[in-house]
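Residue numbers begin at 1 in each chain, while the letters A, B, ... track the order of the sequences.
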Amino acid sequence: MHLVLEKRAERSGTIALVSPLIAIGLTLLTMVILFAILGKNPLLALDAYFIAPLTDGYSLQEIAVKATPLVMIAIGLSLCYLANAWNIGAEGQFLIGAVAGSWIAVKTQGTDAGAWVLPAMLLLAAVAGALYALIPAICKVRFGASEILTSLMLVYIADLSLDYLVRGPWRDPHGFNFPTTAEFDPVATVPLLIEGGRLHLGSIIALLVVAAAAILLGRTIKGFEIRVVGAAPRAARFGGFNANQLVILTFAVSGALAGLAGIIEVAGPVGHLQPGISPGYGFTAIIVAFLGRLNPVGILIAGLFLALTFIGGEQAQIAMKIPLDVTKVFQGILLFYVLACDSLILYRFRLVFSNRQVTRGAG
Amino acid sequence: MLDPTPNGLHSGEPPLLQTRGLTKRYGDFVANDSIDIEIRPGEIHALLGENGAGKSTLVKAIYGLIQPSAGEISWQGRPIVLSGPSDARRRGIGMVFQHFSLFDNLTVAENVALGLDGSESFKDMSARLAQVSKTYGLPLDPKREVWQLSVGERQRIEIVRALMQDPKFLILDEPTAVLTPQEADQLSIVLERLKAEGRAILYISHKLDEVKRLCDTATILRAGKKVATRNPRLETAASLARMMVGSEIKEVRAAAGRQTTVPRLVVNDLSLAPAEAHGVRLEHVSFELKGGEILGIAGVAGNGQDELFAALSGERLSKDPGAVVIEGIAAGHLSITGRRKLGAAFVPEERLGHGTAPRMKLSENALLTGHAASRMVRHGFIDTAATLKTVDTATETFDVRKAKRDPEAASLSGGNLQKFIVGREILRNPAVLVVSQPTWGVDAGAAAVIRQALLDLATEGAAVLVTSQDLDELVEITDRIAVMFHGRLSVPLPTRETTREKLGLLMGGSSLEPKEAVHASGA
């Protein structure tokens, strides 16, 4: 008797929906074991991670704030991944967007510049993110360079550029030598939705992005092109769709969204440019994209879930002294299980009872 | 041609291989329903049936690739349970698959070595390979890399590989589907020889004339059940086909008095470098195709047919716009979408992955080629109702059988998917239709529907270009036939003036005498 993976005749819609849930279940199980090994009470730890943040209003707002960049970036990444273009460098595009948008904020600081400042910052951040993402895209199309490597390497360039700027030219003269710009003026700040709360306009923008992506992928020919190019490249060429063009397009859109998320983060919750503005949003968004099945609504849910792990991780660190790195372990294990469970969409397990003994005896 | 000797001799001998009540279920679906078959030593036994009749399932069970759900297999009179293909090979059962499993970048000898159990040294194995190939008249150079070889030569590797295990029983799955008539004749000689040595052969084929010529017995399957076991020499091709299909196959008929009109597809001195390392260079291909006419392109696979299709469809562009002229407009530089807008339609050889995106719905696959010229897209938005309508119309017009209204392409059987693809293109009322291997691996019923559709389209005034390796098909539906060899296209000959021998020679690379060719093309 042994277990075999058998190909399904048609992809299973049920499993496509259930697979992320199975993955989450398996991840939780693994975490329980991990907590036990760390000598923590697994139930208390799970409570701190997943239940406690949902029980107070502040944490709920904080989850939405954290989910905002995750969802925006993951939507862009999902377009890339659907088109078989592997943008791993969203973190870099996020940082470049933050830097480019901050440039306007820094230059207009203390002037009487009007309401145009924030829209200009958003626009410039999106353009900068797109241009930054086009570097690996063009290298891939033109020279056949692996976009996985080039986009990843550009993350470090972006990271160190930001570092240089806030330690050098853009450093706040009154900032006690901390590597940070001055606080942005109110016209350069993303407005809050609730006075005195944390929720800001960025979350609304993220929801609009989700809706736009759902329409793009479900109803338009461009969305169809993106899906065909990824699912069946040769058929896409036969359909007259240009894969290279779509690599450029999806990278640009994905870079623009990441850049936009970057400036929203800086001009919103953070309020100034400094190193460490991202706890790895650009990388965590990869998990969000896959956990959400590369589907806009799925990504929205997955983004909220992973935001919960960030908040829960902080709470668990405070309440139970569980290291914050456990959150990253959690996210890694989750991606692993998501990808593993996805094979169940096209395959199923079957027990095979064979009578090998008989075989050997006969003949 | 060998005259097959009648053999009543074997009827008394015990069968070499026998199945009793062999049944294979996949869930609710019964692929093989209680099949009894007997194969005797020194017998060439044909296995006939439409696609999906259960032939593959049966041979897979006999070769140990799958376990039957019920019933038994006896080998030399004793019931056996095969644990896998290696078990089958150990007992003396060999198989040559329709789709070759060869590594292009390895040599012949290396490929053969990979299929053996590795109990002998590479040198000994090579020596034995040379000897086996010589003994059976299957010439092979062990040192050549597979990508350099023709399809016929590749098949020889597979056959030699099977013979090196000295099988008592050999299964051949549609071996002549990819061969020139002359190569097929050579294969029959090898099979006759194997038979004379007392080996048994189970021969899967769609070519009924070939079965009548070569086989001593024929077992006919239909819908998973055995219909009959007959002596094919006492049957007609029509009676065999009737047993396979269960009803009369409608004869394909061209409407009388088809008129040819203006040239709708013209190719002028088209040359194109190969896109891939092992590809074929197209050299000075020229022809003219009028409305109302069907031109066939014959040739052994891999002689530039794929490259020609890509150049005609616009998947590959040529520098010279005038190299491909569609409806009087130079289109060599236009993309496939641009050419579709001029009224051209294309059906590639590969159904899954080229003609359709396998894991997408039929409606989405209708959109795949319909987005350019049909009204399926408005202001960038997809008109889902229009795409579904194409699916419904194609389903109705071309009898596409499927489990639900809009399933994934991959869930359809080969014949039904091909009917959908051809239907999808024909529903666009193309001025020019370029089809590659229209009925490859398609059951007889579906093949008849497709051929009729091509004839009807030509009758309505379209120009149809059909590339096929099936000469019978080309003879049946085309007006003229040209042969592709090493990237060159012969002068098209009127179909009624060609013979299999003439075409076979062209397919093998011999040129006809210039005088004859000129004379024929002038007709």
Completion exercise
Most contact-rich option vs chain B, by heavy-atom pairs under 4.5 angstrom, among A:Gly239, A:Pro233, A:Gly218, is A:Gly239

Handout entry: Toward chain A, the part of B:Ile382 with a non-hydrogen atom under 4.5 Å
Key = both

Exercise for the section: Give, for atom CD1 of B:Ile66 and atom CG of B:Leu82, the distance between the pair rounded to the nearest 0.5 Å. Expected result: 11.0 Å

Problem - Contacting moiety of B:Leu352, where chain A heavy atoms sit under 4.5 Å - result: neither

Practice task
Report yes or no: do A:Ser203 and A:Thr68 form a side-chain donor-acceptor pair below 3.5 Å?
Solution key: yes

Fill in the blank from the handout: Scored by heavy-atom pairs under 4.5 Å with chain B, the best of A:Glu225, A:Arg227, A:Lys222 is A:Arg227

Handout entry: Ion pair check, B:Asp383 and B:Arg378, cut-off under 4.0 Å
Key = yes

Practice task
Could you check which of A:Ala235, A:Ala232, A:Gly223 has the highest count of heavy-atom pairs closer than 4.5 Å to chain B?
Solution key: A:Ala235

Exercise for the section: Sort A:Ile215 into side chain, backbone, both or neither according to what part of it lies under 4.5 angstrom from a heavy atom of chain B. Expected result: side chain

Handout entry: Salt bridge A:Arg234-B:Glu350, side-chain N to carboxylate O under 4.0 Å
Key = no

Exercise for the section: Identify which part of B:Arg340 has an atom lying under 4.5 Å from any heavy atom of chain A, answering side chain, backbone, both or neither. Expected result: side chain

Exercise for the section: Identify which part of B:Ser335 has an atom lying under 4.5 Å from any heavy atom of chain A, answering side chain, backbone, both or neither. Expected result: neither

Practice task
Please find out if less than 6.0 Å separates the ring center of A:Phe224 from that of B:His371.
Solution key: no

Practice task
Could you check which of B:Thr369, B:Leu367, B:Val377 has the highest count of heavy-atom pairs closer than 4.5 Å to chain A?
Solution key: B:Leu367

Handout entry: Listed once per pair and sorted, the salt bridge (Lys or Arg N to Asp or Glu O under 4.0 Å) pairs that draw on residues 123-143 of chain A, sequence neighbours left out
Key = A:Lys140-A:Glu147

Problem - Under 4.5 Å from any heavy atom of chain A - which part of B:Gln76 - result: neither

Practice task
Decide, yes or no, whether a salt bridge links B:Arg359 with B:Glu408 under the criterion of side-chain N to carboxylate O below 4.0 Å.
Solution key: yes

